[in-house]
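Before any comments, here is the structure.
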Amino acid sequence: MSDTKGSKRSNTEEEDGSQDSKRLKMANGKTDEKYNPYLAHHYDDNDNSQNGFQSPLDQLQRHNTTAQQAAKLEDLDANPWTSQPHSQRYFGILKSRRDLPVHKQRQEFLDMYHSSQILVFVGETGSGKTTQIPQYVLYDELPHQTGKLIACTQPRRVAAMSVAQRVANELDVELGQEVGYSIRFENRTGPKTMLKYMTDGQLLREAMHDHDMSRYSTIIIDEAHERTLATDILMALLKQIAERRKDLKIIVMSATLDAQKFQTYFFNAPLLAVPGRTFPVEIFYTPEPERDYVEASVRTVLQIHAAEPEGDILLFLTGEEEIEDACRRINLEVDDMIRESDAGPLKVYPLYGTLPPAQQQRIFDKAPEPFRKGGRPGRKCIIATNIAETSLTIDGIVYVVDPGFSKQKIYNPRSRVESLLVSPISKASAQQRAGRAGRTRPGKCFRLYTEKAFKGELIPQTYPEILRSNLANTVLELKKLGVEDLVHFDLMDPPAPETMMRALEELNYLACLDDDGELTKLGSLASEFPLDPALAVMLISSPEFYCSNEMLSITSLLSVPQIFVRPNNARKRADEMKMQFAHPDGDHLTLLNAYHAFKGAEQSGSDVKQWCHEHFLSARHLASADNVRTQLKRIMETHDIELISTPFQDKNYYTNIRRALLAGFFMQVAMREGSNSKTYKTVKDDQLVMIHPSTVVSSPYDWVVYNEFVLTTKQYVRTVTNIRPEWLLEIAPVYYDVDTFEKGEIKTALTRITEKIRRRQAIKGDR
DNA sequence: GAGCACTGC
């Protein structure tokens, strides 16, 4: 390698000053062969490309590249992919790339890649797999010859964006040209793109219209161990496609040692393991189980601060409330410590997903300096949710405090309710958390549970998302992806049959699937929208109710986080402001009013941020609702779904909207238990619920449609709007066929209404 | 009269 470097350097020196003429010739489309010694054997060849540019890549043979050949091309003065001279920065980056653990195994990787259609790649943190493997593939797939792309999927958008930028730098190309990324709302790829980073969900979307993923020669699934819904579906789909398309190469990359499961799943694919580059982390357990883990966490953080050498602390808790509480308690105690025992300064930062980005960024602030020169070191302590386990890495963490819990989504198919529950984490999760202490130097991890509990009670892996979710959306997606036989669709962890049945049933009621389980026209259309089926059906049906513009807004508002802000220190004022937008008939209409006011403020040229602040609305979430609205609107236009409104002066303006809600949400309706009662009973499921206190509805309506069911201290329905029961019979007659109801108040009420309607029609008929 | 783990299309 040092030889190559030497020759490269002398080359650069020789050519010094001739850069401009070189560039000119390249731009003219003529090859300066003297410039590239590797083209010597091409002298007598005819031009083999349209623009007369002969590439050093021509000496590579597809699916036969050696690590040495590729490295030689990487060492050239000119970028073989663009023919532009390499920048200064390029060679610096190249050097650091070759220090990555994965570099040593490039040939081994290529050998496997050449001999197998599917391979599993295990690399721990810091191995460089996410950035390097796709580039190794690039030099072997030679996409400029085949016109096919290499895709590398990521579970999260930021990862796709930042890795693409990094790799573009490494390849010395402009982001969006040879290397790009594609995520929802943003496609930064172009005609020249050969390597594309994308979210796994985005690839699934694409696959809906290209069942064979024919644009790609290679698909790399990264972070497969996270087992997101999209990853699981993608893997099962790729397994099928691999049989049809023998030319498609698949690489599954994972960080866990659970590689065998992936290997077995993928027809015993060969495995390549690359060591990571992390520092050892010493693990400590508590001798006895802790009763109050928040209390124990606070104590542990303070002990570390008092007794351990310099280094930042990361504490894992389960949610916003717990985190803010722990922050307060630590801050309180630390002041005493500083006064009484001359401790150094400790800065505490909360970190959770709903925190505004600017506040999230603060965790990267440097730890505070000691109070005086030579004094006890200052440090920072970050108290985070699981967000710090996967999405965000913070360098400089030396101590991790792990109480062993996180909030996890669970789904109960019987009651059709998804809820969040504080649950013990898995062994894999505990290991991941501990690893956060060893990114820059050796660290320590304090587990606030016993070693016996770790070994005997924690499950090895967190249950994959697919086992914890309502699958209505997934089933619809699969149907659109051309999966005919759901029962035999080979998922890595098949969900419970009851969950599957529930999803099929729900989609059948929504008329997205017919009685044979086949995708209907409506279902096919609904799957085009990045929405839950009920929302999609509601939106598609809305022109029938003359309010598709308004439903477009409401759908968007329901797809983003809560737009009403309610700070702890200004709850009353926030509630008053919200009441300004309140519509007596319910929360959906209130959302719409707030949105219209926001758009009004925007159009009048006000400072929107300021306006939102004054009105206790989240400018960020409103902006993102607007973004979603634009995307949904475009999909509606593409499919010729009419965009119309009832005139605002028309007395049916709001009634039409309330009726339109039912076209998608007729299964989410509740009836009041008695005329003086505050409890409601959900239709068909017979769950007893209360209306969530965040509602603007004050007069207790007898019938409401609700957006979601939440299980917290009580069972609540949230975001509710008043409806009339006769609409149910009219808009969803199949679901509201009285004969299908169990005996009870709801059946009685519906029977009465049915009769009333019949009488009324009879009278009409008589006239 | 209460809350919002985290993602993604």
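Here the structure is a predicted model, which is why all the values come from computation and not from measurement.
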So, is [X] close to the [N] phosphate, meaning a side-chain N or O under 4.0 Å from OP1 or OP2?
X: T385(A); N: dC6(B); result: yes
X: R718(A); N: dC4(B); result: yes
X: K714(A); N: dG1(B); result: no
X: R157(A); N: dC9(B); result: yes
X: Y716(A); N: dA2(B); result: yes
X: T228(A); N: dC6(B); result: no

Nearest to the side chain of [X], which nucleotide is it out of [options]?
X: S694(A); options: dC9(B), dA2(B), dC4(B); answer: dA2(B)
X: L420(A); options: dA5(B), dG1(B), dC9(B); answer: dA5(B)
X: N473(A); options: dC4(B), dG3(B), dG8(B); answer: dG8(B)

Rounded to the nearest angstrom, tell me the gap between atom [atom1] in [X] and atom [atom2] in [N].
X: F405(A); N: dA5(B); atom1: CZ; atom2: C1'; value: 15 Å
X: I466(A); N: dT7(B); atom1: CD1; atom2: C1'; value: 15 Å
X: I387(A); N: dC4(B); atom1: CD1; atom2: P; value: 16 Å
X: E389(A); N: dA5(B); atom1: CD; atom2: P; value: 15 Å
X: Q715(A); N: dA2(B); atom1: CD; atom2: P; value: 14 Å
X: D232(A); N: dG8(B); atom1: CG; atom2: P; value: 17 Å
X: Y352(A); N: dT7(B); atom1: OH; atom2: C1'; value: 19 Å
X: F185(A); N: dT7(B); atom1: CZ; atom2: P; value: 15 Å

Practice problem: For residues L486(A) and K479(A), determine if any side-chain heavy atom of one lies less than 4.5 Å from a side-chain heavy atom of the other. | Solution: yes

Exercise. Using the closest heavy atom to pick a nucleotide of DNA chain B for each, name whichever of E708(A) or L531(A) lands nearer the 5' end.
Key: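 Result of the comparison: E708(A).
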
Quiz prompt | Along DNA chain B (nearest heavy atom to each residue), the more 5'-positioned of Q154(A) and K409(A) | solution = K409(A)

Over all strands shown, is [X] touching base, sugar-phosphate only, or nothing at heavy-atom distances under 4.0 angstrom?
X: S406(A); value: nothing
X: Q202(A); value: sugar-phosphate
X: L421(A); value: nothing
X: K678(A); value: sugar-phosphate
X: R184(A); value: base

Self-check item: Closest non-hydrogen atom pair between A160(A) and T199(A), with its separation
Solution: CB-N, 4.4 Å

Self-check item: Aromatic plane relationship, H692(A) with Y716(A) - under 30° parallel, 30 to 60° tilted, over 60° perpendicular
Solution: perpendicular

Practice problem: With sequence neighbours left out, write down each residue that passes ring-ring contact (aromatic ring centres under 6.0 Å, His included) with Y293(A), or none if nothing qualifies. | Solution: F405(A)

Exercise. Examine distances only and state if a side-chain atom of Q432(A) and a backbone atom of E389(A) form a donor-acceptor pair shorter than 3.5 Å.
Key: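 The answer is yes, because a donor-acceptor pair under 3.5 Å joins these two groups.
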
Quiz item: Would you say the side-chain atoms of R447(A) pair up with the backbone N or O of A430(A), donor to acceptor, closer than 3.5 Å?
Solution: yes

